[in-house]
Amino acid sequence: MAQNMMLYWGSGSPPCWRVMIALEEKLLQGYKHKHLSFDKKEHQCAEVKALNPRVQLPTFKHGDLIVNESFAACLYLESAFKSQGTRLIPDDPAEQALVYQRMFETNNLQQKMYDVAFYEWYIPEEERHESALKRNKENLVTELKLWDGYL
């Protein structure tokens with residue numbers, strides 16, 4: 001069944017890795033994939049634009065179905081291949097709620113990591129302030145402590 005799947009992905013992108021991990025956990029091997037360079041703006045190619053008007057990665061295609069958000073692709077894979085491989089979503093509603101909460105909380109963690117890691121990349125030099133970078137780092141440490149508590 002994986003032969004009619006296509007994943008467009010870029011390295012270093014947590015959303016892309018989410019879908020790749022879900023595909024592996026569902027034992028879906030042999031799917032086609034295309035690695036695109038963000039630096040070279042390959043993700044903005046006509047092939048991706050035709051599937052994803054936001055030209056964001058990952059872009060996932062299964063037959064005629066196109067799913068452009070990583071969480072949506074993971075949930076689709078769980079639903080479409082529920083009895084195959086590792087269960088990604090438990091049946092118990094309380095456990096489901098916790099899984100969904102953690103899924104969407106990862107956006108907070110990811111944003112705080114980006115605020116630190118890419119500060120100098122996104123903020124023009126004349127607008128940079130040590131206090132802002134220090135605050136971003138403190139916010140990241142607080143977020144990491146929260147996640148450490150989850151473990």
Side-chain angles (χ1 to χ4, degrees), residues 1-123 133 136-151:
M1 272 202 207
Q3 289 76 18
N4 62 351
M5 291 182 185
M6 179 67 173
L7 175 65
Y8 298 86
W9 64 285
S11 58
S13 171
C16 295
W17 289 104
R18 288 178 192 134
V19 179
M20 295 174 88
I21 291 168
L23 285 160
E24 289 298 316
E25 289 294 328
K26 297 313 278 179
L27 305 176
L28 296 166
Q29 299 175 354
Y31 60 90
K32 297 176 187 170
H33 58 93
K34 190 174 212 178
H35 179 247
L36 301 170
S37 168
F38 289 115
D39 291 338
K40 296 177 185 175
K41 300 189 185 292
E42 292 174 343
H43 65 293
Q44 297 177 3
C45 68
E47 189 176 1
V48 172
K49 283 181 183 178
L51 301 172
N52 187 340
R54 289 190 176 98
V55 293
Q56 295 173 331
L57 299 178
T59 291
F60 176 72
K61 188 171 188 224
H62 182 205
D64 293 330
L65 177 74
I66 299 165
V67 185
N68 290 316
E69 293 293 331
S70 62
F71 287 142
C74 291
L75 293 171
Y76 167 76
L77 290 167
E78 172 63 10
S79 179
F81 302 95
K82 193 170 199 139
S83 63
Q84 187 171 322
T86 303
R87 293 288 309 274
L88 303 176
I89 306 295
D91 287 327
D92 179 69
E95 291 176 3
Q96 281 182 10
L98 185 59
V99 167
Y100 293 146
Q101 180 174 324
R102 295 295 183 261
M103 279 175 57
F104 292 105
E105 277 185 299
T106 63
N107 289 328
N108 296 319
L109 175 60
Q110 182 177 329
Q111 184 58 54
K112 287 179 171 106
M113 289 187 318
Y114 286 176
D115 289 347
V116 171
F118 299 116
Y119 182 77
E120 291 184 12
W121 179 266
Y122 288 115
I123 306 299
L133 184 56
N136 290 349
K137 288 178 180 180
E138 289 169 355
N139 290 339
L140 176 57
V141 167
T142 300
E143 185 71 19
L144 289 169
K145 286 178 182 176
L146 181 65
W147 281 92
D148 190 48
Y150 292 161
L151 299 175

**Side-chain touch M113/F118, heavy atoms, less than 4.5 angstrom** = no
**Request:** Indicate yes or no for a side-chain donor-acceptor contact from S79 to the backbone of Y76 under 3.5 Å, with no hydrogens or angles considered.
**Result:** no
**Asked** Do H35 and Y8 have their ring centres less than 6.0 Å from each other?
**Response** no
**Prompt:** Taking the side chain as C-beta and beyond, is there a heavy-atom pair between N107 and K112 under 4.5 Å?
**Reply:** no
**Prompt:** Which pair of heavy atoms, one from I89 and one from V99, lies closest together, and at what distance?
**Reply:** CD1-CG1, 3.6 Å
**Item:** Minimal non-hydrogen separation, C16 against G10, with atom names
**Value:** SG-N, 3.4 Å
**Asked** Would K34 and E47 pass as an ion pair if we require N to O under 4.0 Å?
**Response** yes
**Prompt:** Which atoms form the tightest heavy-atom contact between Q96 and D91, and what is the distance?
**Reply:** NE2-O, 3.4 Å
**Request:** Please examine the side chains of N52 and Q56, heavy atoms only from C-beta on, and report whether any two atoms are closer than 4.5 Å.
**Result:** yes
**Item:** L140 vs L144 side-chain heavy atoms within contact, under 4.5 Å
**Value:** yes
**Prompt:** side chain to side chain donor-acceptor pair (under 3.5 Å) with S70: which residues, sequence neighbours excluded?
**Reply:** R18
**Message:** Can you give me the closest heavy-atom contact between V116 and L133, atom names plus distance?
**Reply:** O-CD1, 4.2 Å
**Item:** Contact check, side chains of V67 and T59, non-hydrogen atoms, under 4.5 Å
**Value:** no
**Residue pair W9 / W17, side-chain heavy-atom distance below 4.5 Å** = yes
**Prompt:** With side chains defined as the heavy atoms from C-beta onward, is the minimum distance between E95 and Y100 less than 4.5 Å?
**Reply:** no
**Asked** Can you name the nearest heavy-atom pair linking S37 to E42, along with the distance?
**Response** N-OE1, 2.7 Å
**Complete:** Nearest heavy-atom approach of V55 to H43 is O-CD2, 3.1 Å
**Request:** Hey, can you tell me if H62 and F60 have their rings parallel, tilted or perpendicular (30° and 60° cut-offs)?
**Result:** tilted
**Item:** Candidate pair L28 and M5, rule side-chain contact (heavy atoms from CB on, under 4.5 Å), full reasoning
**Value:** CA-CA 9 Å; L28 296 166; M5 291 182 185; 3.8 Å; yes
**Item:** Any donor-acceptor N/O pair, N68 side chain to L51 backbone, under 3.5 Å
**Value:** yes
**Request:** Go through the steps for T106 and W147 under the test side-chain contact (heavy atoms from CB on, under 4.5 Å), then give the verdict.
**Result:** CA-CA 9 Å; T106 63; W147 281 92; 3.8 Å; yes
List the atom pairs, donor and acceptor, that lie under 3.5 Å between side-chain atoms in residues 19-27 and the rest of the protein, sequence neighbours left out.
residue, atom, partner, partner atom, Å
E25, OE1, T86, OG1, 2.7
K26, NZ, E78, OE1, 3.0
K26, NZ, F81, O, 3.0
K26, NZ, Q84, O, 2.8
K26, NZ, T86, O, 3.0

**Donor-acceptor contact below 3.5 Å, side chain T142 vs main chain E138** = yes
**Complete:** Taken in chain and number order and not counting sequence neighbours, the residues that satisfy side chain to side chain donor-acceptor pair (under 3.5 Å) with D115 are Q111
**Request:** Look up atom NZ in K61 and atom CG in N4, then write down how far apart they are to the nearest 0.5 Å.
**Result:** 9.5 Å
